[in-house]
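In this text, all values refer to a predicted model and were calculated from it rather than measured experimentally.
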Amino acid sequence: MMDESTTGEKLDQSLYEEEALRRRLPDVVHDDAKGSLSPTTSLLGSEKGYYGTLSDESVPNNDIVLNHDAIIETLMSEGRPAWDPEEEEVIRRKLDYRLMIWVCIMFFSLQLVRNNLQNAISADFLIDANIPQNTYNLGQTVSLIFFVLCEIPSQSLVRVLGAEIWLPLVMTLWSVVSMFQIFIRESTFFLLSRAIIGACQGGFVPGMTFYLSSFYKSNELSMRYSWIWATQSGTFVISALLASGFIQMAGPLRGWQWLFLLEGVITTVIGVLSFFLMPSLQRKVVSRVFTARETAILKARVVQDDPSKRNQQERVKFGRGSILKSLKAMGKTVCDRFLLPIFILGFVAFVPSQTASYYLTITLRQLGFTGLVTNLLTIPYAIINVIMTIGFSRLSDKYGVKWVFCLLSAIWVFTPQLLLEIIPDESSRWLRFALITLILGYPFYHPILFSWISSNANNTERRSLAFGIYSMSVQCGNIFAANVYRESDAPYYHLGNGILIGLNVLSMILILAIRQYYVVENRRREKLWDELDEKEKQEYIELSKDLGNQQLCFKLKL
């Protein structure tokens, strides 16, 4: 039985919320349109059906007096303020502490396993495990192929099982496989392990970005996504420190075996804990952090910002014909004329910086820096990159615009890339180092593009698949980036730099073209929408729910 103190606390909480609501309702129950807070979707008004049903049984209710789901749904459908801005700010802070911190830890697990093979090589892994250099290269290729191939299937399983189930599952699997790499003694096991790890990691990033889009509004996503990629730079430092310690351990195992084993244990623990620590509106774990009213607001505020997310956390049943249906949906997403330009931009945009990243240590060694100095010189760009990526993403959210900050980031890369090509070959190696550092320290606008896709998908299934397709396009760009600099072009890579400069210019043209494309399309839609009377608008809303981002009443985000 529940003790008296617990019952008293729940009653106190319920009475407090009831009194707070009672005081707020007199201020909002009126007919003055100026005094009410209408939903933010100006073209559609405040139609109740547009928001979907908020009072589903899957949302935990830890309040024994008030039905906050019904109250908020009623207020929203009538165009009245359903919550105070201060309440929403408290919920957003809770999300950041409760959700984003753990998401960054999960991404740390991903990056730790990604990096441990490179760290193991320095401890004679290839020699001890009888892995030839060509087999190592093949293993990296196999891993990347499975990584790309599993992007879309993984996204489908996120919809079927839920991100809070599927992502911890693949995390635990790749961690266990990574740990078992201590038994590698020949090429077959090595190639198999690379294939499994690549397959498991393939859909993690798009799955995570889709998951976060269920909790955050459009103008909050870019900065939150940037925190994830800022974790990547921090992981490089941490993994290097962990590797240096693990490799030096004595005992029955070799240094690289200790590395695989102990880092595998760390990431396995993170994977298992994620089953219990990832919030979900489908599970009661949310109620441990948020009150019943906060839980209702948590869902309603995202739906109010983007009504296409009203069913995003619901599970999709997998039955007969599901594969064919998924293939058709993927085909429609690839051919979506409003998202396809961003997919193309994703392929082109990051090739210049990724090429510089791939060849950073090689270039610095060719310029005459020692191994120790080379490792130290990789730190400055990481610090600059983290600061600028978070800063640009935050500004993008603040001003509600994507293309401007994407363009500024592309210009940032273009300037030092051009200087790197036109300076004399006999220029100071420190000048070349500074220019390469500026290229790599640019504001990484990958998070902004993810947010741009989320804002313009306007459909749950389309958004999920678009994340996967975009991620695949970026990975294909990374493959191209690995082959821009050729040995015959060393050490200054004039031909390669010319290609990268051209791709930079192409990126800027694409960004401006996407912006203009959206502007023209929005004007066309607005003109057609204004020609409809109120009855025709209502009929259109009811009949065009499946059109996604092609709806006349949907405004493409710039």
Side-chain angles (χ1 to χ4, degrees), residues 144-145 147-149 151-152 155 202-203 205-206 209-210 221-222 225 229 327 329-357 392-393 396 401-414 417 442-459 461-484 496 498-522 548-550 556-558:
L144 187 57
I145 289 173
F147 186 97
V148 172
L149 290 177
E151 295 270 14
I152 300 302
Q155 281 297 87
V205 172
T209 52
F210 177 76
L221 278 173
S222 294
Y225 287 159
W229 277 275
L327 290 175
M330 185 173 68
K332 290 181 179 179
T333 304
V334 171
C335 298
D336 188 317
R337 60 193 181 98
F338 302 115
L339 297 180
L340 180 59
I342 301 180
F343 299 155
I344 298 173
L345 178 61
F347 173 79
V348 175
F350 308 112
V351 173
S353 59
Q354 193 62 42
T355 300
S357 176
F392 267 50
S393 298
S396 175
V401 62
K402 314 297 182 185
W403 74 271
V404 171
F405 297 98
C406 293
L407 181 62
L408 290 175
S409 298
I411 294 173
W412 178 306
V413 177
F414 172 77
Q417 187 78 64
Y442 80 116
F444 187 42
Y445 56 104
H446 192 43
I448 298 178
L449 291 184
F450 263 118
S451 177
W452 208 357
I453 289 172
S454 178
S455 300
N456 285 332
N458 199 38
N459 176 274
E461 185 177 37
R462 185 68 54 87
R463 181 178 295 109
S464 173
L465 292 171
F467 282 154
I469 293 169
Y470 166 74
S471 184
M472 289 172 64
S473 70
V474 173
Q475 292 300 325
C476 290
N478 290 342
I479 296 174
F480 179 73
N483 295 279
V484 173
I499 295 173
L500 298 180
I501 291 170
L503 291 175
N504 258 316
V505 174
L506 179 58
S507 296
M508 291 185 280
I509 293 174
L510 281 172
I511 293 168
L512 291 172
I514 292 171
R515 183 261 179 194
Q516 188 60 28
Y517 180 36
Y518 286 174
V519 168
V520 172
E521 178 64 18
N522 284 338
N549 57 15
Q550 299 184 44
L556 294 164
K557 310 303 186 296
L558 302 179

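Tyr225 places a side-chain N or O within 3.5 Å of a backbone atom of Thr209 that can act as its donor or acceptor partner. Here the side chain of Arg463 pairs a donor or acceptor atom with the backbone of Ser454 at under 3.5 angstrom.
The shortest non-hydrogen separation linking Ser409 to Tyr445 is CB-CD2, 3.2 Å. Closest non-hydrogen pair, Val351 versus Gly477, comes out as CG2-O, 3.5 Å. For Val348 against Leu503, the heavy-atom pair with the smallest separation is CG1-O, 3.6 Å. What you find for Ser396 and Ile448 is that their closest heavy atoms are OG-CG2, 3.9 Å. Looking at every heavy atom in both residues, Pro447 comes nearest to Ser393 through CB-OG, 4.2 Å. Taking each heavy atom of Glu151 and Ser471 in turn, the nearest pair found is OE2-OG, 3.0 Å.
With values rounded to the nearest 0.5 angstrom, Leu339 atom CG is found 8.5 Å from Ile469 atom CD1. Atom CZ of Phe467 is separated from atom OG1 of Thr333 by 12.0 Å, given to the nearest 0.5 angstrom. Taking CD from Gln417 and CD1 from Ile499, the interatomic distance works out to 11.0 Å, rounded to the nearest 0.5 Å. Atom-to-atom distance recorded for Leu556:CG and Ile514:CD1 is 11.5 Å, nearest 0.5 angstrom. One finds the CZ atom of Phe347 at 9.5 Å from the CG atom of Asn478 (value rounded to the nearest 0.5 Å). Between Phe210 atom CZ and Leu465 atom CG the span is 9.0 Å, to the nearest 0.5 Å.
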Please assess Leu449 against Trp452 for the test side chain to side chain contact (heavy atoms under 4.5 Å, CB included), listing each intermediate value before the final yes or no.
CA-CA 5 Å; Leu449 291 184; Trp452 208 357; 3.7 Å; yes

Begin from the C-alpha positions of Phe480 and Thr355 and carry the test side chain to side chain contact (heavy atoms under 4.5 Å, CB included) through to its verdict.
CA-CA 9 Å; Phe480 179 73; Thr355 300; over 6 Å; no

Show your working on side chain to side chain contact (heavy atoms under 4.5 Å, CB included) between Ser353 and Phe350 and close with a plain yes or no.
CA-CA 6 Å; Ser353 59; Phe350 308 112; 4.2 Å; yes

Could you check Leu407 against Met508 for side chain to side chain contact (heavy atoms under 4.5 Å, CB included), going step by step and ending with a plain yes or no?
CA-CA 6 Å; Leu407 181 62; Met508 291 185 280; 3.9 Å; yes

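For the residue pair Ser451/Lys557, the side-chain donor-acceptor check at 3.5 Å is not satisfied.
None of Ile342, Asn549, Ile453 except one satisfies the side-chain contact (heavy atoms from CB on, under 4.5 Å) rule with Asp336; the exception is Asn549.
You'll find the side chain of Phe147 stays beyond 4.5 Å of the side chain of Val205, heavy atoms only.
You'll find the ring centres of Phe444 and Phe392 outside the 6.0 Å limit.
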